[in-house]
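To start, the structure itself, in structure tokens.
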Amino acid sequence: MARVVVDVMLKPEILDPQGQAVQRALPRLGFDGIVDVRQGKRFEIELDGPADEAALARAREIADKLLANTVIEQYAVRFDPAEADRVTEPAAG
Amino acid sequence: MARVVVDVMLKPEILDPQGQAVQRALPRLGFDGIVDVRQGKRFEIELDGPADEAALARAREIADKLLANTVIEQYAVRFDPAEADRVTEPAAG
Amino acid sequence: MSARVGVVTFPGSQDDQDALRAVELVGAEPIALWHRERDLRQVDAVVLPGGFSYGDYLRAGAIARFSPVMETIVAGAREGLPVLGICNGFQVLCESHLLPGALIRNGGMLFINRDQRLRVDSVSTAWTADYTAGQQILIPIKNGEGRYTADEHTLDELEAEGRVVVRYLDNPNGSARDIAGIANAAGNVVGLMPHPEHAVEELTGPYPGPATDGLPFFTSILKRLVAA
Amino acid sequence: MTAPEQNRNSTRPAYVVDTVEHAAASPDVQLPYEALGVKPDEYDRIREILGRRPTSCELAMYSVMWSEHCSYKSSKVHLKQFGEKAPDVDFLLVGPGENAGVVDVGGDLAVTFKIESHNHPSYVEPYQGAATGIGGIVRDILTMGARPIAVMDPLRFGPADAADTHRVLPGVVRGIGGYGNSLGLPNIGGEIVFDPCYAGNPLVNALAVGVMKKSEIKLAQAHGPGNKVILFGARTGGDGIGGASVLASATFDDGRPSKRPSVQVGDPFMEKVLIECCLEIFAEDLVVGIQDLGAAGLSCSTSELAAAALQQTGVGGMDVQLDLVPLRDATLLPEEILMSESQERMMAVVTPADVERFFGICEKWDVTATVVGTVTDTGRLRITWHGETVVDVDPRTVAHQGPVYHRPYHRPAWQDELQAATPDSLSRPKTGEELRETVLRLAGDPNLADKRWVIEQYDHRVRGNTVLAHGEDSGMLRLDDESNLGIALATDGNGRYAKLDPYTGAQLALAEAYRNVAATGARPLAVTDCLNFGSPEDPEVMWQFAEATRGLADACQVLGTPVTGGNVSFYNQTNEQAIHPTPVVGVLGVIDDVSRRTRSAFEHEGDVLLLLGE
Ligand SMILES: Nc1ncnc2c1ncn2[C@@H]1O[C@H](COP(=O)(O)OP(=O)(O)O)[C@@H](O)[C@H]1O
């Protein structure tokens, strides 16, 4: 089983209303010194077969065709990140 | 300047309609053997000050308070990833 | 003296005018509240209206929850202030943890606007006393993130305590257990995805009707406040 | 992801400002005017007007303002008829020429409405193209001083089963819904038509309507030397630089991707806040003049505001400090700032005494506002960049004195043959089996299918005044809770009729919209139109345009419904293949009591059916 992560972000020159809304909200919540916030998408994909270059290539094709709108977005594809990178942190109360 | 990435994903036990919609679309586009797709959010945050533990702690607080709804979501916070991990891939035509 | 019902406007609220009109139609005094003001202007009840507060870009209701007005409303709700959250208002109530669970993207991914058949399952809340238990009603829904979700334990608890207020008769978005609206344990706080304020006039309500099935939400609270 | 900062300075060559002084001293410097869509003779005219070569900033302004999209250079001579043949009516408060026409609907209320196209951008990026189309037309309505109260969306796509339609249609519908719903504007009707002629050139037209007190009409003019010029709303970014304008001035052709604009992304939340902010500003009567920033951005707003004052009073002018414009991308050059089409921005002229109050309201709504200039009496539009003058022009030459073309046109040779093919030549179903086949084909035709998948993505209830919407002949809105005064609106168009006979086809579109409004019980008053055509450089297309315009003007005269404004969209063609000529006509009607509306469904058993007409 290959576990692949695809990160999709708006191209830097494209306006990111979502990131801006978050950024504007932060000072009101008492968070200062936030210079920039960009918001994008993260996909975790599980493909059958080995975690090899072919799997990455398939994931890249999926990203290009479906997950990212390449007119305005760019993406990065990589294997399941190291433990430290996993989104498994327990929710704090 | 500290550059931090916050990944937010639905908790595994929460149904993910967006991931499912992507998964259902894939066979129609000719992609088979996709076992699972989950969709979440990725935030890229720039904080002023050094890239130290305190910056991470601030980002974690932001994630916990605002970026994630910890009733249904979990998150991971880390420094700007290595080059390989960057979302800078040129959009393929 | 009539009852004063406040309607909060957040940046991006859309149905605040409609909610104010519904309040006025049943004879209560509508009071516009502004998200930046902590002062609730002595209202007896509050409606959090529909819309897209802060664009709903992060998560519906996520940013509005931190408005100054919400601090007062959350504190008041814990002491019995009647609060009705409609659509975006429901999302704000969940984000504020006044109500359990969360609202996520609709099953079909799309925004859905249609006249929806519902069943009123709890008439013991501050906002539903004027319905009869099990009454079937027709009220518009319009949202993209209206799918109610919560863990099984929470869902069981809601059912056991009779806190599921309205259910979809034909579930449009995959909401858990057909839930369209819930209440807190005390019954003063109710969150709904459907829009009763869009079903209060023959002229503008669902067609073909019934057109005014939303009115009892507003008459219920008025009667309770006037009786108090 | 690379931070914008990392690009800064490193990728930009040191920039030398092309000042007016520099331009005067360097007459031989060649500017790439043709790349900006400026023809050699047009460039010569600019030189003649200025008495020197333009600076690069001036050229940027002229190029966008003299583009087909902004100057109507090919259509102007034909559109004139709407004025010349305008019926004599007493309810028209503002006619064509302003951002939108304004009609007196009785009591102290006035209504403004207009239709516009966003065809090319919606083809390139369906969601954002359609979304910003709604955003743009809504700002036009807002600019008049009105509260926007509804939108409509006449759409045309290629075949429903074409792969490209699957790419374009869902995005367009989600974009219209996403933006309109987030503004809290009910969508009260529209059209969807599928026809192979729109493959590669879908039409995304958007209509918006607004209401205001008659006494609160605002105009786009910069009066009063000493008054402040305020830019407010979103920050300026690199969106659509040379976008809509350049794109609209050159035939869209897949082979030249460099012509594609960088896409504009809409921020509906910003626009919603901007609407509420403007309405509060209007209510306190804090603006002398106001203009939205659409295509041609600051080039348009500064030159049009300044030109209007000069035109009307002979006194005017404006000094603008371009370096004060709040930027999203600090690397933007002055030429780019002038051309940027970043969405959700407005420009207001405010007396010095009112500036503080103006800023107070902006602060309430979290809207960025900046004084970027001052009204003068110099007769010139002067723009500086860090102290150096980069533009010094008579604003009228930019805004009003663009080229006017009398493009050649002639009736296509194939027109006779097309008209000769009457329905009589079509085969008719003869057997039961054939009849069944025909019925099934009709039932399965996307053009006749239920439009629920589209309509359900639109909020039609918000604001609580929608009396009629989808499924009805026209949309209807209540304007006044007390009196029940209301308006009805319908849009119609039929490219197939118009291709057969553009003159009559345009009249049929008007007649259908007129009937749809009348059928609800409203009295048709006024017209807006969006004229979607192929390339005006093709004499046969130009003939279609001339005929359609003439037909519409004649019919409006007969029906007593003036055209109050509209939009021309040319170059809807891929290579030689133009769309059917598609004039889309919107009719506004007024109804004294909306409770007396007539629905299109049979309401009561036993009602008598009557057929009117032949
Ligand atoms: N793109 C659209 N946006 C909004 N409403 C639409 C759109 N397309 C069609 N409608 C509405 O759907 C209803 C039915 O449309 P249609 O089947 O084309 O019927 P008709 O021929 O009566 O216009 C009409 O009321 C029309 O306003």
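We name chains A, B, ... by the order of the sequence lines, and we start the count at 1 in each one. Predicted model only: the values in this text are computed from it and were never measured.
- By the 4.5 Å heavy-atom criterion applied to side chains, A:Glu13 and D:Asp329 are not counted as neighbours.
- Within the 4.5 angstrom heavy-atom criterion, only side-chain atoms of A:Asn69, from C-beta onward, approach chain D.
- Atom CG of A:Leu15 and atom CZ of D:Arg235 lie 11.5 Å apart (nearest 0.5 Å).
- Heavy-atom distances place the side chain of A:Ile72, and not its backbone, under 4.5 Å from chain D.
- A 4.5 Å side-chain heavy-atom check between A:Pro17 and D:Val265 finds at least one atom pair inside the cut-off.
- In this structure, the portion of D:Phe269 lying under 4.5 Å from any heavy atom of chain A is its side chain and not its backbone.
- Across all their heavy atoms, D:Glu125 and A:Val71 have their closest contact at CB-CG1, 4.2 Å.
- Proximity to chain D (any heavy atom under 4.5 Å) is restricted, for A:Gln20, to the side chain, taken from C-beta onward.
- Atom CG of residue D:Asp267 and atom CD of residue A:Gln18 lie 9.5 Å apart, to the nearest 0.5 angstrom.
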